[in-house]
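Basis for what follows: all heavy atoms, side chains included, without hydrogens, waters or symmetry-related copies. The residues of the chain are indexed from 1 along the displayed sequence.
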Amino acid sequence: MSRRVVVTGLGAITPIGNNVNEFWNALKEKKVGIGPITYFDTTDYKAKLAAEVKDFDAKKHMDPKAAKRMEQFCQFAVIAAKEALEDAGIDMEKEDPFRVGVSVGSGIGSLQSIEREYKKLLDKGPGRVNPLLVPLMISNMAAGNVSIQFGLKGKCINVVTACATGTHSIGEAFRSIQYGEADVMVAGGTESSITPIGVAGFSALTALSTSEDPMRASIPFDAERNGFVMGEGAGIVVLESLEHAQARGAKIYAELAGYGATCDAYHITSPAEDGSGAAKAMEVAIADAGLKPEDVDYINAHGTSTHHNDLFETKAIKLALGDHARKVKINSTKSMIGHLLGAAGGVEFITCVKSIEEGFVHATAGLTVDDPECDLDYVKGEGVAMEVNCAISNSLGFGGHNATLLVKKF
């Protein structure tokens, strides 16, 4: 018999707030965290905008020496995990550390360290490359550092599925608890790739918006959308078996009830044009939760603001939900924070949990020009106060990876 899994802690670092409370309030206010890139000179770059994390100083939240031995994607993960663990009230002195695991992914790892050390290699030779380059760079170090910082000795994994990373990471943590491999999992995604090579690479792929107006750059489902805006940050949650959470009297935000994962097996960057892969992930998640399409109140869409994604995801929602697709509220958090790549699913899952807790579905900011092919209810204009009993979060990644989580009121 598989165990029930609940959400007891939330932690986030985003372009519109460096903790969950700030982030959620900014979403309600339709605050857009996009602006000109400050990390490097974008004169020769087609994409000039990104959604950067603001006023971030890792040393204020963690041991300065530890912070120095971590790249920014790891710092984001550790600080968001700290917030989530404190929010959940997990006291590691009372836990069996081998029953508390980590499933935190990053799509890319540290491009910063690769750029920095490659320049040293070319300018000064191999003898000058930082001996810590490899542990600074590799994407599993977010999970590793979270484990080390908080003494979590259970299953520790790093799922890498590009833009579906955060969602798969939470889904695999969910399965680990259901199956009895862990009682508690710290799960989510983290990313920090707003670097010259990161922006140049995505631009060369024509994936990034070339708009120079922050309010018209990340505009999911809008007829004038022309690419995504790179964001950064981390979204980390604490998941527990229901028994474990109840035994320690934890506050329960919501129940994670379903997880679906499929692959389009179609193209390295484009989703399947009929939306069948993403639709199947949604269908599997709904069935996994023992629910029907009509039970879904709200979908946090992948909604990247690229032409293909938003069109094919709309088709997928219609395929998965049938007639009910027209009745469900859909939004894209990326309209305010850009695309957090590997962290997107973590932050968007937190958005679903907060929507259930507070009975509010935020607007898709910047959506003004209707696209006749994107003809569902994307919460245009203002957010909606409504009871949310069941929400699903979608993430679709390069390579054809599709992942869906279903979370419901406890």
Quick check: do [X] and [Y] have side-chain heavy atoms less than 4.5 Å from each other?
{"X": "Thr314", "Y": "Glu373", "answer": "no"}
{"X": "Phe73", "Y": "Glu191", "answer": "no"}
{"X": "Leu376", "Y": "Lys318", "answer": "yes"}
{"X": "Glu240", "Y": "Ile177", "answer": "no"}
{"X": "Arg225", "Y": "Pro220", "answer": "no"}
{"X": "Leu321", "Y": "Ile286", "answer": "yes"}
{"X": "Leu341", "Y": "Thr165", "answer": "no"}
{"X": "Asp295", "Y": "Asn389", "answer": "no"}

Closest approach of [X] to [Y] (non-hydrogen atoms, all atoms of both residues):
{"X": "Ser395", "Y": "Gly345", "answer": "OG-CA, 3.7 Å"}
{"X": "Thr364", "Y": "Ser332", "answer": "OG1-N, 3.2 Å"}
{"X": "Ala320", "Y": "Glu283", "answer": "CA-OE2, 3.7 Å"}
{"X": "Leu208", "Y": "Val199", "answer": "CD1-O, 3.7 Å"}
{"X": "Ala343", "Y": "Gly233", "answer": "CB-O, 3.3 Å"}
{"X": "Asn402", "Y": "Ala281", "answer": "CB-CB, 4.0 Å"}

Please indicate whether [X] has more than 12 foreign heavy atoms, meaning atoms of other residues, nucleotides or ligands, lying under 6.0 Å from its [atom1].
{"X": "Ile252", "atom1": "CD1", "answer": "yes"}
{"X": "Lys68", "atom1": "NZ", "answer": "no"}
{"X": "Lys46", "atom1": "NZ", "answer": "no"}
{"X": "Lys315", "atom1": "NZ", "answer": "yes"}
{"X": "Met92", "atom1": "CE", "answer": "yes"}

Rounded to the nearest 0.5 Å, what's the gap from [atom1] on [X] to [atom2] on [Y]? Could you check?
{"X": "Ile194", "Y": "Ser192", "atom1": "CD1", "atom2": "OG", "result": "6.5 Å"}
{"X": "Lys155", "Y": "Glu172", "atom1": "NZ", "atom2": "CD", "result": "7.0 Å"}
{"X": "Met230", "Y": "Leu49", "atom1": "CE", "atom2": "CG", "result": "13.0 Å"}
{"X": "Lys94", "Y": "Arg248", "atom1": "NZ", "atom2": "CZ", "result": "9.5 Å"}
{"X": "Ile236", "Y": "Ile13", "atom1": "CD1", "atom2": "CD1", "result": "9.0 Å"}
{"X": "Ile356", "Y": "Cys390", "atom1": "CD1", "atom2": "SG", "result": "7.0 Å"}

Handout entry: Stepwise side chain to side chain contact (heavy atoms under 4.5 Å, CB included) test for Thr333 and Asn300
Key = CA-CA 7 Å; Thr333 304; Asn300 188 297; 2.9 Å; yes
Exercise for the section: From the options Gln112, Glu115, Glu232, select the one residue that forms a side-chain hydrogen bond (donor to acceptor under 3.5 Å, both in side chains) with Thr195. Expected result: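 Testing Thr195 for a side-chain hydrogen bond (donor to acceptor under 3.5 Å, both in side chains) against Gln112, Glu115, Glu232 leaves exactly one candidate, Glu115.
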For residues 30-38, which side-chain donor-acceptor pairs fall under 3.5 Å, sequence neighbours excluded?
from	atom 1	to	atom 2	distance (Å)
Lys30	NZ	Gly381	O	2.6
Lys30	NZ	Glu382	OE2	3.4
Thr38	OG1	Glu52	OE1	2.5
Thr38	OG1	Glu52	OE2	3.4

Exercise for the section: Using the test salt bridge (Lys or Arg N to Asp or Glu O under 4.0 Å), find all partners of Glu117 that sit at least two apart in sequence or belong to another chain. Expected result: Lys120
Handout entry: Under the salt bridge (Lys or Arg N to Asp or Glu O under 4.0 Å) test, residues paired with Arg99 that sit two or more places apart
Key = Asp183
Salt bridge check, [Y] against [X]: does any charged N sit closer than 4.0 Å to a carboxylate O?
{"X": "Glu22", "Y": "Lys54", "value": "no"}
{"X": "Arg128", "Y": "Asp123", "value": "no"}
{"X": "Asp288", "Y": "Arg175", "value": "yes"}

Problem - Those residues that, when tested against Ser241, pass side-chain hydrogen bond (donor to acceptor under 3.5 Å, both in side chains) (two or more places apart) - result: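 Result, side-chain hydrogen bond (donor to acceptor under 3.5 Å, both in side chains) vs Ser241: none returned.
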Problem - Residues in side-chain hydrogen bond (donor to acceptor under 3.5 Å, both in side chains) contact with Ser193, at least two apart in sequence or another chain - result: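 None.
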Problem - Under the ring-ring contact (aromatic ring centres under 6.0 Å, His included) test, residues paired with Phe56 that sit two or more places apart - result: Phe76
Exercise for the section: Determine which pairs satisfy salt bridge (charged side-chain N to carboxylate O under 4.0 Å, His left out) with at least one residue from residues 397-410, sequence neighbours left out, and list them in order. Expected result: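 Found Glu387-Lys409.
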Practice task
Using the salt bridge (charged side-chain N to carboxylate O under 4.0 Å, His left out) rule, collect all pairs that involve residues 252-262, keeping only residues at least two apart or in two chains.
Solution key: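 Only Arg4-Glu255 qualify under salt bridge (charged side-chain N to carboxylate O under 4.0 Å, His left out).
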Whether [X] side chain and [Y] backbone form a donor-acceptor pair below 3.5 Å:
{"X": "Glu71", "Y": "Leu136", "answer": "no"}
{"X": "Glu83", "Y": "Ala12", "answer": "yes"}
{"X": "Ser176", "Y": "Glu181", "answer": "no"}
{"X": "Glu212", "Y": "Lys48", "answer": "no"}
{"X": "Asn394", "Y": "Ala301", "answer": "no"}
{"X": "Ser335", "Y": "Ala365", "answer": "yes"}
{"X": "Thr269", "Y": "Phe398", "answer": "no"}

Practice task
Dump the intermediate steps for side chain to side chain contact (heavy atoms under 4.5 Å, CB included) on Asp87 and Val20, then the final yes or no.
Solution key: CA-CA 10 Å; Asp87 184 35; Val20 171; over 6 Å; no
Handout entry: Residue pairs, two or more places apart or on separate chains, that pass ring-ring contact (aromatic ring centres under 6.0 Å, His included) and touch residues 205-253
Key =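 Every ring-ring contact (aromatic ring centres under 6.0 Å, His included) pair that includes a residue of residues 205-253, provided the two are not neighbours, is Phe202-Phe228, Phe221-Tyr378, Phe228-His339.
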Practice task
Would you mind listing every ring-ring contact (aromatic ring centres under 6.0 Å, His included) that reaches into residues 4-47, with sequence neighbours excluded?
Solution key: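 Only Phe40-Tyr45 qualify under ring-ring contact (aromatic ring centres under 6.0 Å, His included).
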Exercise for the section: Apply side chain to side chain donor-acceptor pair (under 3.5 Å) to Ser211 and Asn226, showing your working. Expected result: CA-CA 8 Å; Ser211 169; Asn226 70 346; 6.0 Å; no
Using a 3.5 Å cut-off and no angle test, enumerate the donor-acceptor pairs between side-chain atoms of residues 139-152 and protein atoms at least two apart in sequence or in another chain.
from	atom 1	to	atom 2	distance (Å)
Ser139	OG	Asn158	ND2	3.0
Asn145	ND2	Met141	O	3.0
Ser147	OG	Ala143	O	3.1

Exercise for the section: Could you tell me which residues satisfy side-chain contact (heavy atoms from CB on, under 4.5 Å) with His401, sequence neighbours excluded, listed by chain and number? Expected result: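 In terms of side-chain contact (heavy atoms from CB on, under 4.5 Å), with neighbours along the sequence ignored, His401 is linked to Thr161, Ala164, His168.
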